[in-house]
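This report refers to the structure that appears directly beneath it.
In what follows, chains carry the letters A, B, and so on, assigned in the order in which the sequence lines appear, proteins first and then strands, with residues in each chain numbered from 1. Bear in mind the structure is a predicted one, so any value in this text is a computation, not a measurement.
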Amino acid sequence: MTTKTHSNAEVGNKEDASYLNSLRSSLLDWFRLKQRRLPWRDTRDPYAIWVSEVMLQQTRVAAVSERYVAFLERFPTVFNLAAATEAEVLTLWSGLGYYRRARQLHCAARQIVEHKAGEIPTTAGELLLLPGIGKYTAAAVASIAYSEPIAAIDGNVERVVQRLRGWGSEGASDQPAIARHISAEAQRLLDPAAPGDWNQAMMELGATVCLPRAPRCADCPIVSFCATRGEHVTPKRAPMRSESVAYALVVRSRGKTKQVLLVQRPAEETVMPGMWELPLDTGDHSPAAPMLKLRHAIMQVNYKVEIYSATANGVSVDGKKHRWVDARSAAKLPLTGLARKTLLQSGMLNDDRP
DNA sequence: TATGCGTGGTC
DNA sequence: TGACCAAGCAT
């Protein structure tokens, strides 16, 4: 499928100042009227905005919303975050994925407290120097918290600009050149009078109207400016593999409290280092049915997971650090998402994190 | 520049 | 069910 350009009188002269003003106010008016109420939209605290932007990296708004509130309650300021241990930060992050983000956020908070007296850098250029902050996040924080007129270009904005201008990506075309064009155009479109709102409006449009698959052009506030009316080529991705894996839920009683056996992933692990999970079930459980079956996708692998009730001798901790943990306090450890899900579904855990 | 890094919702 | 993918970053 290719991208066509509709000839359309309303598209107007793109260089014209009144054209730009009209486009800008159309989108901004829509955003101010229709935007979703989200917890990070009630603040201009640069720390809070920074936390939200890092959490939102490749992560859905719905998943972030609850976690964001809990995270800020536990770490209301950059000083609280800097004073925490990495394990505490990971615990609040457990289940969100991309744990490197949490480590880097924590690391950056410590740098800011140590070297900048706790003042979050105020420009995109300075923000970019911090770990975990790339071009997008630097621009988002600088524009939203400090009104710096710089375009924040995420996947949504890229798609919106691409459709708006009819710069569809055909297989063999020059991707970096297209990206540069998109970036320049996004910067040109940006409303310098309201950079934070503008950037959020572009993303909101991409997230709620200018959807990747089935864009809702009938609801689009800038459809009359759009070259393509939603036609768009989406690149193919690698297919996911499927794998089976079995974990063991090993429980013992100590007085009135139940304890569960957990193992810690080695620090050298590339995926989720240092986080806690259930031991692998190596047992010959052929007669027994799993107590729980669930599926869990990690990266390009779809896991079919079986959880077996087992005794301590039926499992493998093969040299890894392991602990018996009170069921109630397991939530205070940095668990992998799968371990968290398993313990929750088996009724071992209440999700009260510190 | 391509790849590794997690997860849960949706259809 | 399985495929797809969401406000990216670092290397």
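In this structure, A:Leu38 reaches the bases: a heavy-atom distance under 4.0 Å links it to at least one base atom across the strands shown. Nucleic acid contact class of A:Gln104 (heavy atoms, under 4.0 Å, all strands): sugar-phosphate only. Nucleic acid contact class of A:Arg41 (heavy atoms, under 4.0 Å, all strands): base. No contact: A:Met55 has no heavy atom under 4.0 Å from any strand. Using a 4.0 Å heavy-atom distance criterion, A:Thr137 is classed as a sugar-phosphate-only contact.
A donor and an acceptor atom, one from each side chain of A:Thr123 and A:Glu148, are nowhere located under 3.5 Å apart. Looking at A:Asn21 and A:Ser18, their side chains never bring a donor and an acceptor atom within 3.5 Å of each other.
Nucleotide C:dA10 holds its C1' atom 12 Å from the CG atom of A:Leu128, rounded to whole Å. The CZ-P distance, from A:Arg60 to C:dA6, rounds to 6 Å in whole Å. Put simply, OH on A:Tyr99 is 4 Å from P on B:dT7, counting in whole angstrom units. When rounded to the nearest whole Å, the span between CZ of A:Arg295 and P of C:dA3 equals 10 Å. In this entry the distance linking CD of A:Gln57 with P of C:dC5 reads 20 Å, nearest Å. The distance from atom OH of A:Tyr303 to atom C1' of B:dG6 is 11 Å, rounded to the nearest whole Å. Atom CG in A:Leu335 sits about 11 Å away from atom P in B:dT7, given to the nearest Å. One can place CG of A:Leu105 at 13 Å from P of C:dC9, the figure rounded to the nearest angstrom.
Of the candidates B:dT7, C:dG8, C:dA7, C:dG8 carries the atom nearest the A:Gln58 side chain, counting heavy atoms from C-beta on. Of all nucleotides listed (C:dG8, C:dA7, C:dA6), C:dG8 comes nearest to the side chain of A:Tyr98. Nearest nucleotide to the side chain of A:Arg100, out of B:dG8, C:dC9, C:dA7: C:dC9. Checked against B:dG8, C:dC9, C:dA6, the side chain of A:Lys341 finds its nearest nucleotide in B:dG8. When distances run from any side-chain atom of A:Thr336 to the nucleotides B:dT7, C:dA6, C:dG2, the shortest one goes to B:dT7. Comparing C:dA7, B:dG6, B:dG8 against the side chain of A:Glu53 picks out C:dA7 as the nearest.
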- Task: In sequence, state the C-alpha distance, the side-chain angles, and the governing distance for A:Arg101 and A:Gln58, and then conclude on side-chain hydrogen bond (donor to acceptor under 3.5 Å, both in side chains).
- Result: CA-CA 11 Å; A:Arg101 295 180 296 174; A:Gln58 296 288 285; over 6 Å; no
- List the steps and the verdict of side chain to side chain contact (heavy atoms under 4.5 Å, CB included) for A:Lys135 and A:Ile153. CA-CA 8 Å; A:Lys135 277 181 79 170; A:Ile153 301 164; over 6 Å; no
- Evaluate the side chain to side chain contact (heavy atoms under 4.5 Å, CB included) criterion for residues A:Phe75 and A:Val89: first the C-alpha distance (whole Å), next the side-chain angles of each, then the deciding distance (0.1 Å), finally the verdict. CA-CA 9 Å; A:Phe75 310 117; A:Val89 179; 4.2 Å; yes
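A gap of 14 Å separates the C1' atoms of C:dA6 and B:dC5, to the nearest Å. If you take atom C1' in C:dA7 and the same atom in B:dA2, they sit 22 Å apart, rounded to whole Å. Comparing the same atom, C1', in B:dT1 and in C:dT11 gives a spacing of 11 Å after rounding to whole Å.
Centroid-to-centroid, the aromatic rings of A:Tyr19 and A:Phe225 come within less than 6.0 Å.
Residues A:Pro221 and A:Leu205 share a closest heavy-atom pair of CD-CD1, 3.5 Å.
Along DNA chain C, the nucleotide nearest A:Gly132 and the nucleotide nearest A:Met203 are compared for position; the residue whose nucleotide lies closer to the 5' end is A:Met203.
Taking only distance into account, the side chain of A:Thr59 never meets the base of B:dG8 through a donor-acceptor pair shorter than 3.5 Å. Between the base of B:dC11 and the side chain of A:Arg213 there is no donor-acceptor pair shorter than 3.5 Å.
For the OP1/OP2 pair of B:dG6 and a distance below 4.0 Å, the side-chain nitrogens and oxygens of A:His296 include no atom meeting the criterion. Phosphate proximity of C:dT1 to A:Lys304: absent, as no side-chain N or O sits under 4.0 Å from OP1 or OP2.
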